[in-house]
Amino acid sequence: MIRRAAPLLWAFGLAVVVLGPALAPGYVLQYDMVFVPQQALLPASFGLGGQLPRAVPQDAVMGVLTSVLPGSVWQHIALLAIVVVGALGASQLLRGQPVLVRAAAAMLFVWSPYVAQRLLIGGWSLLLAVALLPWILQAAIDVRRGAAGAGWRLLLLVGVASLTPTGGLLALALAAPVAAGPRSRSPLPHRIALTAGILALQLPWAVPSLLHPAAAASDPGGALAFALRPEGGWGPLVTALGTGGIWNAQAALPTRELLLAPVAAVLLTCLAVAGLRPLSRVLGRAAVLWLGTCAVVGIAVAVLGAWSASSGAMESIVSAVPGGGLLRDGQKWLAPWLLLMSVSAPLGLQRLLRHVTDRTVLASLGIGLVLLPVAVMPDLAWGGLGRMRTTDYPQDWAEVRDALQAPDALQGDIAVLPWSAFRAFTWNRGRTSLDPAPRYLPRTTVVDDSLLVATPDGVVRVSGEDPRSRDVTAALAADRPLAEVLPPLGVAYVVVELTTPGPAVGSAVDGLDPVVLGSTLQLYAVPGPVGPWPPPSRTSVVAVALAFLVAGLVLITSAARTGASWAGARRNRGRPATVPAVDRSKEDT
């Protein structure tokens with residue numbers, strides 16, 4: 001019993017050590033990770049707002065979930081799932097292997113620069129998708145081997161991973177070729193239906209992305225701003241092999257600059273290469289070959305993006321190729337390499353030690369591999385040594401939300417000041433986070449959607465896509481009163497967030513009527529009639545609604561069928577098998 005529960009206990013222990021203070025009551029507001037008590041369902045939640053749908057269907061799902069339980073509960077569930085599900089997934093891919101091998105795989109997968117940096121930058125939905133990749137790969141392998149019910153389980157896992165576009169693309173790229181590729185034992189009609197279902201789960205973010213006016217191209221300045229950033233002096237390739245190199249230097253840990261980081265990256269790469277043959281015996285040759293292909297492509301995208309960003313090649317791709325903006329953040333595509341290295345390196349060490357008979361030596365080296373990630377990057381512990389801490393929203397936020405929901409409230413949207421994308425509230429201990437207003441307030445908000453990024457070549461401004469945001473930016477630059485600028489834009493209120501750095505509000509609120517004047521948040525009404533802002537076209541609304549409907553039906557059906565399959569398996573547990581076991585050693589995959 002203890003042996004069977006060991007992986008779960010190990011995973012939860014890792015979660016406590018990694019997350020630490022982030023598990024306390026309250027909200028962790030950290031860069032892109034912004035949860036609110038109850039998130040409103042707005043057009044932007046479905047990709048019909050002014051900006052590209054980067055958080056679709058994530059925001060729509062959170063709007064539904066937070067109507068049942070507060071956002072803080074879902075944030076804690078998501079954070080725990082990132083570590084626990086990821087550790088258990090890496091461990092279960094190597095089931096049947098020695099305990100230390102499975103523990104090392106879980107440790108390498110979770111205690112990695114990729115997870116650490118994405119966690120500190122707040123990319124929770126992407127990390128949740130990455131945590132599901134081992135389970136997605138195993139489900140795809142089961143489909144390939146003809147296991148009953150594996151296709152429904154795979155669709156369910158891909159659906160959860162597709163909360164964010166990058167997660168959906170990673171799941172699609174990893175699962176479909178393994179499950180439905182040549183020599184799959186699944187019947188051809190099933191493979192076609194499965195592939196169609198996986199593609200259908202991408203519709204909620206793909207359809208609004210294609211319909212958005214800015215879908216054709218992205219700001220080329222983002223190529224340099226978001227390119228993989230080499231750590232130390234060892235260049236982008238070694239940085240990528242170590243799964244580090246996130247574009248935001250504030251999300252990096254100091255130990256990534258030490259010499260032990262590249263040494264560990266090279267060592268683990270060599271062990272991973274040595275472990276490919278035994279990994280093929282565990283997962284099948286086709287699965288390992290495809291996972292390796294995805295890993296090599298991901299490393300190439302990250303490294304070439306870093307090399308070509310300064311030369312302008314990546315800028316040409318980002319600006320000229322529709323959807324090319326997905327390639328500009330190269331480090332996020334290292335997820336397949338992270339998975340391959342995590343499960344192959346322990347097997348590589350085991351292979352190199354196959355002639356060693358001294359159990360003490362074997363145990364010592366195994367424990368050393370388990371603890372290697374901690375030795376290389378000890379400052380991930382306890383939420384990055386306290387960098388991830390919880391806070392609570394001041395009461396002013398609830399008062400402003402109630403005022404906007406009052407029966408006599410004006411009709412129209414909201415502009416938010418100071419005019420910058422990020423906040424560093426004193427009540428959040430000065431930690432940087434995205435502005436919570438677009439998720440907290442029950443109206444569509446107009447915010448500064450451009451982004452200032454510090455690069456080795458200076459500060460780069462990456463332009464946004466919202467036309468109303470550009471109009472407000474121009475008005476503030478010209479020192480025009482917002483009282484005369486906002487009505488034609490369909491904006492009826494201005495929210496001023498206090499206790500945070502940013503451009504001075506100054507005379508921008510002159511002529512506006514105060515509604516709520518709190519110590520941390522203020523609400524002003526725009527006097528006079530406010531013109532309506534054109535809503536999304538009927539064609540766009542219908543297309544997006546159909547996309548969500550189709551994906552929702554696929555997800556609900558797969559969840560129901562997976563639940564029924566699981567219940568049937570529990571009922572049949574302990575009964576004698578009626579079919580002979582499959583000899584996987586002879587399986588040609």
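Note that these values count all heavy atoms, side chains included, but never hydrogens, waters or copies made by symmetry. When a residue number appears, it is its place in the shown sequence, counting from 1.
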| task | Report, as yes or no, whether the 6.0 Å neighbourhood of atom CZ on R429 holds more than 12 heavy atoms from other residues, nucleotides or ligands. | result | yes
| said: Within the supplied structure, the quantity of interest is the number of heavy atoms (other residues, nucleotides, ligands) at a distance under 6.0 Å from R359 CZ; does it exceed 12? | reply: no
Work out which heavy atom in [X] is nearest to a heavy atom in [Y]; give both atom names and the distance.
X: T166; Y: K332; value: OG1-NZ, 3.1 Å
X: G383; Y: P21; value: N-CD, 4.2 Å
X: A306; Y: P236; value: CB-CB, 3.9 Å
X: A116; Y: M377; value: CB-CE, 3.9 Å
X: P165; Y: V56; value: CD-O, 3.7 Å
X: W337; Y: A240; value: CD1-O, 3.8 Å

Does the side chain of [X] pick up a donor-acceptor pair with the side chain of [Y] at under 3.5 Å?
X: E231; Y: W234; result: no
X: Q138; Y: R95; result: yes
X: Q58; Y: T164; result: no

Is the side chain of [X] donor-acceptor paired with the backbone N or O of [Y] at a distance under 3.5 Å, no angle test?
X: W290; Y: A173; value: yes
X: N428; Y: L29; value: yes
X: S162; Y: Q202; value: no
X: T562; Y: S558; value: yes
X: R561; Y: G151; value: no
X: Q75; Y: Y27; value: no
X: Q331; Y: T243; value: yes
X: H190; Y: A180; value: no
X: R191; Y: A176; value: no

| said: Is the ring pair F226/W247 parallel, tilted or perpendicular, if the boundaries are 30 and 60 degrees? | reply: perpendicular
| Are R387 and D379 within salt-bridge range, i.e. N to O under 4.0 Å? |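 No salt bridge links R387 with D379.
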To the nearest 0.5 Å, tell me how far [X] [atom1] sits from [Y] [atom2].
X: L283; Y: L289; atom1: CG; atom2: CG; value: 12.5 Å
X: S344; Y: R351; atom1: OG; atom2: CZ; value: 9.5 Å
X: L128; Y: L79; atom1: CG; atom2: CG; value: 10.0 Å
X: L347; Y: L279; atom1: CG; atom2: CG; value: 6.0 Å
X: F109; Y: L339; atom1: CZ; atom2: CG; value: 5.5 Å
X: L137; Y: C294; atom1: CG; atom2: SG; value: 9.5 Å

| field | Check against side-chain contact (heavy atoms from CB on, under 4.5 Å), V18 and W111 | value | CA-CA 8 Å; V18 169; W111 203 295; 3.8 Å; yes
Any side-chain heavy atom of [X] sitting closer than 4.5 Å to one from [Y]?
X: V115; Y: L380; result: no
X: P98; Y: Q350; result: yes
X: Q250; Y: Y31; result: yes

| From CA spacing to verdict: side-chain contact (heavy atoms from CB on, under 4.5 Å), L253, Q117 | CA-CA 8 Å; L253 294 168; Q117 294 173 357; 5.9 Å; no
| message | If the test is side chain to side chain contact (heavy atoms under 4.5 Å, CB included), which one of L203, L201, L199 qualifies with V554? | response |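 For V554, the side chain to side chain contact (heavy atoms under 4.5 Å, CB included) test succeeds with only one of L203, L201, L199, which is L201.
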| task | Please name the residue in the list L100, T357, L349, V356 that meets the side chain to side chain contact (heavy atoms under 4.5 Å, CB included) test with L362. | result | V356
| query | Run the side-chain contact (heavy atoms from CB on, under 4.5 Å) check on W74 and I77 step by step: do they pass? | reply | CA-CA 5 Å; W74 296 112; I77 291 174; 3.9 Å; yes
| message | The test is side-chain contact (heavy atoms from CB on, under 4.5 Å); show your working for L133 and L338 and say whether it passes. | response | CA-CA 10 Å; L133 288 183; L338 169 65; over 6 Å; no
